[in-house]
Amino acid sequence: MILPPKSNFFLMAKLNLKGLSQSAIERYVVSIGEPKYRAAQIYQWLYKYRESSFEDMTNLPVPLRQKLSESAEIEQFPVSTFQTSKMDGTVKFLYELSDGKKIETVLIPPRTTAVDADERMTLCVSTQIGCALDCKFCATASMGFIRNLSTGEILNQYLTAQANSEKPITNIVFMGMGEPMLNYDNVMSAVDILTDQNGIGLSPKRITLSTAGYANHIRKMADEDRKIKLALSLHSLRSEVRAELMPITKKFEVEDLLAALEYYNKKTKKSVMLEYIVFEGVNDTEQDVQLLVKASRRLDCRVNLIPFHSIEFTNPQGYSAGLHGASKEGVEKFWQQLRSHDVITFIRHSAGVDIDAACGQLAVKEERLLVNH
Ligand code: SAH
């Protein structure tokens, strides 16, 4: 590849600083003839003070601010629309990206009625536009895979939601659109900035990554000693049932996943969350209880039972059309059975159901493929 001469480089395109690490910003400031320490100041403005205009970076000399605005830019998201749930105050943001593609991000306020009500504001962040995995119960599958989000686009979901929220966002879950493990590098670069005290400064304990089951990346997270929390969307321990629900099971078998989680437990000394939608007659049998009991003796884990959120608006067909969530009583019965065998288990509360913002309901309608699942 022939690179353009250095002096012309910035005439061609401005460098987007949003998403860059401090060391990448250092390389940039040095390239424009400035001392390295300016990078730390710019980095703090971008992430700690959430500033998006060079002009307002008041501890930088005016000529430098001018130079920055000539050669660099700070990408921002205009919020296209947002909807607020009348049931629980959940907010669903629809962001338009610079290439015109759209993504959704969900801000979930604390439950005022919960016994453990606290000031927790949780942001559910997307990592890809659409998703390739084709899980039969998930609306995002109806979009197919469009592209990975950049580190800046992942961070901008937080920065824009925070700018529109009166209360501080305390928790992040990578449970929006897409499979985070298939965009591992960009997601982890975003995590580094989210958890850096000179960056956004959130505690890693308040960030959860959820995967459909990439055993190799689970091991990688353990090897890298990542401090964030890990969740696995399990949904069944029976290979044939899980393969119907989640085709990724053909690549990483149930046993591969359990072995990877065991490795993760041992290596990081951290517990994992197993996510389990209870489907009536599919994964709520006595055999399923026994398999979960066995798995929870083998692993350091807790099981979160998730109510199935309807994906009817995507017009499911085939296997998807036959999936029905267990009733409230059915979920409670399953929970009781697990508890009676000392499995640590909780029933997860749904948020934003009335605005299609609950787990698995994210699918930008304009981006949907004309195929039915
Ligand atoms: N790809 C990642 C993260 C996105 S899905 C993963 O699979 O974990 C986030 C969570 O929502 C997962 O636990 C997923 O299984 C769950 N989910 C998907 N569709 C759902 C639905 N219709 N009802 C309830 N939960 C759903």
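Atoms within a ligand are numbered from 1 in the order they appear, just like the ligands themselves. What's counted below: heavy atoms across the whole structure, side chains too, no hydrogens, waters or symmetry copies. Bear in mind the structure is a predicted one, so any value in this text is a computation, not a measurement.
Residue S233 has at least one heavy-atom neighbour below 4.0 Å for each of these atoms of ligand 1: 6 (C), 7 (O), 8 (O), 12 (C), 13 (O), 14 (C), 15 (O). Listed by number with element, the atoms of ligand 1 under 4.0 angstrom from any heavy atom of A212 are 6 (C), 7 (O), 8 (O). When each atom of ligand 1 is checked for a heavy atom of H235 under 4.0 Å away, the hits are 14 (C), 15 (O).
Within the 4.5 Å cutoff, the side chain of L149 has heavy atoms near those of the R147 side chain. The closest side-chain heavy-atom distance from W45 to I74 is not below 4.5 Å. Between L305 and L338, the closest side-chain pair of non-hydrogen atoms falls below 4.5 Å. You'll find the side chain of I42 reaches within 4.5 Å of the side chain of L68, heavy atoms only. Under the 4.5 Å side-chain criterion, counting only non-hydrogen atoms from C-beta, L258 is in contact with E255.
Neither the backbone nor the side chain of C131 has any atom closer than 4.0 Å to an atom of ligand 1 (non-hydrogen atoms only). Using a 4.0 Å cut-off between heavy atoms, M177 makes no contact with ligand 1 at all. Under 4.0 Å from ligand 1, the heavy atoms of T211 that appear belong solely to its backbone.
Salt-bridge check for K328 with E332: passed, with a basic side-chain N closer than 4.0 Å to an acidic carboxylate O.
Remark: ligand 1 and F137 share an N or O pair separated by less than 3.5 Å (distance only, no angle test). The shortest N/O to N/O separation between E275 and ligand 1 does not fall below 3.5 Å. Residue G176 has no nitrogen or oxygen atom sitting less than 3.5 Å from a nitrogen or oxygen atom of ligand 1, judged on distance alone.
Using a non-hydrogen distance threshold of 4.0 Å, G178 registers as a contact of ligand 1.
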Open item on the list: For a ring-ring contact (aromatic ring centres under 6.0 Å, His included) check, start with the C-alpha distance between Y184 and Y214, then their side-chain angles and the critical distance, and finish with the verdict.
Closed with: CA-CA 11 Å; Y184 189 86; Y214 277 84; over 10 Å; no
